[in-house]
Q: 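Let me begin by handing over the structure; questions about it come next.
We count ligands from 1, going down the list as the structure has it; atoms in each ligand are counted the same way.
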Amino acid sequence: MDIEQAPAMLVLGGTGSIGGEIARQALAAGWRVVVQGRSAEKLAALETQHGGRLVGIAGDIGRPGEVERVVAEAAQAFGRIDAAVDCVSTGAPGILGRFTETDPAAYARHAELSIVHFQRFARAVLPWLARNGGTLIAFISDAGIFAAPNQTMIGAMRAATIGFVRNLALEVSREAVRVHAVSPSYVAESASAQRMGSSRMEKAAHRAGLGLPTAADIAPLVLFLCGDGARKITGQVISVNGGLNA
Ligand SMILES: NC(=O)c1ccc[n+]([C@@H]2O[C@H](COP(=O)([O-])OP(=O)(O)OC[C@H]3O[C@@H](n4cnc5c(N)ncnc54)[C@H](OP(=O)(O)O)[C@@H]3O)[C@@H](O)[C@H]2O)c1
């Protein structure tokens, strides 16, 4: 395919473990990619590595107006956005652990970093996706689907995102836009895995009959959902967890 005609994917959090792998696999599959992250250095390194097919945009989506600016600049980069994937890691300090020990002062910030930025992302990017019939994907986590202790605040916001995704999917289907949520649980070799520590990861790996996925096992699902083969699928919440939860 002529590179000028190639579809364009915007990956928020594209300098992270999962977003980075999605960007790599999308480039290998012929997409042009715009990657957002906070680190200008990481983005510059990616641009050098991938030439004109990858554009990096630095921005902190926790700041007012930033999501909208990133979408506007991404659209300018290639003149189109055919897929928009949100892989920004979410959560404010003070929301992890037993609910009674979480910090009420952090709840609004957590909502902003968890679901509100995705709603603002959706609002900004939908007109672009509607031009060619594109796909919007939220990354959530299994805490939004399967109950577990110490994840009350995370699970609540992830569940809210699921409700948003499924309702929006029906609303925008007549514009040929598809909307999904992809749900990891424990992801081997990711930054979160490092944060969680080896003993928790080992226990999870023991429970996952298929073995814990890596980012490389998650990215193909995203490419499928954004591709023509998934043109009749929308509003789905798909967990990639190696058999940990069903
Ligand atoms: N990995 C797991 O085990 C796991 C499990 C369940 C769910 N998930 C979900 O899957 C998604 C991707 O996870 P991941 O493991 O790839 O995360 P990650 O490696 O921590 O990457 C996070 C990405 O988000 C960006 N980011 C973080 N805060 C930001 C902010 N305020 N503004 C702009 N960008 C920001 C980071 O940019 P910088 O590079 O500049 O820091 C990075 O690109 C997240 O929603 C995560 O919650 C992951």
Q: Against heavy atoms of Gly37, which atoms of ligand 1 measure under 4.0 Å?
A: 40 (O)
Q: I'd like to know whether ligand 1 has Ala193 as a neighbour, heavy-atom separation below 4.0 Å.
A: no
Q: Which is closest to atom 35 (C) of ligand 1 in terms of heavy atoms, Val88, Ile218, Leu43, Leu212?
A: Val88
Q: May I ask which of Arg38, Met196, Arg195 has a heavy atom nearer to atom 20 (O) of ligand 1 than the others do?
A: Arg195
Q: Would you find a donor on one side and an acceptor on the other, under 3.5 Å apart, between the side chain of Arg131 and the backbone of Ile81?
A: no
Q: Has His180 got a side-chain atom pairing as donor or acceptor with Ile233's backbone, closer than 3.5 angstrom?
A: yes
Q: Could you tell me the separation between the CD atom of Glu21 and the CD1 atom of Ile218, rounded to the nearest 0.5 Å?
A: 9.5 Å
Q: How many angstroms lie between atom CD of Glu68 and atom CZ of Phe121, to the nearest 0.5 angstrom?
A: 10.5 Å
Q: Using a 6.0 Å cut-off, check whether atom CD of Glu41 has over 12 heavy atoms from anything other than its own residue.
A: no
Q: Set out, in order, the CA-CA distance, both residues' side-chain angles and the distance that settles salt bridge (Lys or Arg N to Asp or Glu O under 4.0 Å) for Arg120 and Glu112, then state yes or no.
A: CA-CA 10 Å; Arg120 293 191 0 247; Glu112 172 64 37; 2.5 Å; yes
Q: Among all protein heavy atoms, pick the one closest to atom 34 (N) of ligand 1 and tell me residue, atom and distance.
A: Gln36 NE2, 3.2 Å
Q: For the pair Asn167 (side chain) and Phe164 (backbone), establish whether a donor and an acceptor sit closer than 3.5 Å, ignoring hydrogens and angles.
A: no
Q: Select the closest option to atom 31 (N) of ligand 1 among Leu113, Asp60, Ile18, judged by heavy-atom distance.
A: Asp60
Q: Mark up the atoms of ligand 1 that fall under 4.0 Å of a heavy atom belonging to Gly59, in ascending order.
A: 32 (N), 33 (C)
Q: Using a 4.0 Å cut-off to any heavy atom of Lys42, which atoms of ligand 1 qualify?
A: 38 (P), 39 (O)
Q: Using a 4.0 Å cut-off to any heavy atom of Ser39, which atoms of ligand 1 qualify?
A: 40 (O)
Q: Short N/O distance, under 3.5 Å, between Pro184 and ligand 1?
A: no
Q: For ligand 1, which part of Glu21 has a heavy atom less than 4.0 Å away: the side chain, the backbone, both, or neither?
A: neither
Q: Checking a contact table here: which protein heavy atom is nearest atom 25 (C) of ligand 1, and how many Å away?
A: Gly13 CA, 3.9 Å
Q: I'd like to know if the side chain of Arg53 reaches the main chain of Leu27, judged simply by a donor and an acceptor atom lying under 3.5 Å from each other, with no hydrogens or angles considered.
A: yes
Q: Number the atoms of ligand 1 from 1 as they appear, then name those within less than 4.0 Å of a heavy atom of Ser190, with their elements.
A: 1 (N), 2 (C), 3 (O)
Q: Could you list which atoms of ligand 1 come closer than 4.0 Å to a heavy atom of Ile140?
A: 7 (C), 8 (N), 9 (C)
Q: How far is atom 46 (C) of ligand 1 from its nearest protein heavy atom, and which residue and atom name does that atom have?
A: Arg158 NH2, 3.7 Å
Q: Can you tell me if Arg63 contacts ligand 1 (heavy atom of the residue under 4.0 Å from the ligand)?
A: no
Q: Check for me, please, whether Ile162 and Leu225 land in the same ILVMFWY cluster - side-chain distances under 4.5 Å, paths through other members count.
A: no
Q: Which residue owns the protein heavy atom closest to atom 21 (O) of ligand 1, what's the atom, and how far is it?
A: Gly16 CA, 3.2 Å
Q: For atom 3 (O) of ligand 1, which candidate among Ile154, Thr214, Val187, Ile61 holds the nearest heavy atom?
A: Val187
Q: Tell me, which protein residue and heavy-atom name are nearest atom 12 (C) of ligand 1, and how many Å apart are they?
A: Cys87 O, 3.3 Å
Q: Taking only distance into account, with no hydrogens and no angle test, what donor-acceptor pairs under 3.5 Å do side-chain atoms of residues 84-111 form with protein atoms, sequence neighbours excluded?
A:
residue	atom	partner	partner atom	Å
Asp86	OD1	Val88	N	3.1
Asp86	OD1	His117	NE2	3.3
Asp86	OD2	His117	NE2	2.6
Thr90	OG1	Arg158	NH2	3.3
Thr102	OG1	Phe99	O	2.5
Thr102	OG1	Tyr107	OH	2.7
Asp103	OD1	Ala105	N	2.9
Arg109	NH1	Gly62	O	3.3
His110	NE2	Met153	O	3.3

Q: Would you mind listing which atoms of ligand 1 come within a distance below 4.0 Å of any non-hydrogen atom of Phe139?
A: 10 (O), 11 (C), 45 (O)
Q: Would you confirm whether Asn241, through its side chain, and Ser185, through its main-chain N or O, come within 3.5 Å as a donor-acceptor pair?
A: no
Q: Given Thr15, Val11, Val70, which has its nearest heavy atom closest to atom 36 (C) of ligand 1?
A: Thr15
Q: For atom 22 (C) of ligand 1, which of the options Ser89, Ala191, Ser183 provides the nearest non-hydrogen atom?
A: Ser89
Q: Taking Ala143's backbone N and O only, do any of them form a donor-acceptor pair with Gln151's side chain (distance below 3.5 Å, no angle check)?
A: no
Q: Say you draw a straight line from CZ of Phe146 to CG of Asn245; how long is it, rounded to the nearest 0.5 Å?
A: 4.5 Å
Q: Is Glu66 salt-bridged to Arg63, cutoff N-O under 4.0 Å?
A: no
Q: Is Arg166 salt-bridged to Glu171, cutoff N-O under 4.0 Å?
A: no
Q: Hey, is Ala58 one of the residues with a heavy atom under 4.0 angstrom from ligand 1?
A: no
Q: Heavy atoms only: which of Ser192, Ser185, Ser141 lies closest to atom 5 (C) of ligand 1?
A: Ser185
Q: Counting only heavy atoms, which portion of Glu66 has something under 4.0 Å from ligand 1: side chain, backbone, both, or neither?
A: neither
Q: Measure the distances from the heavy atoms of Gln194 to every atom of ligand 1 and state whether one is below 4.0 angstrom.
A: no
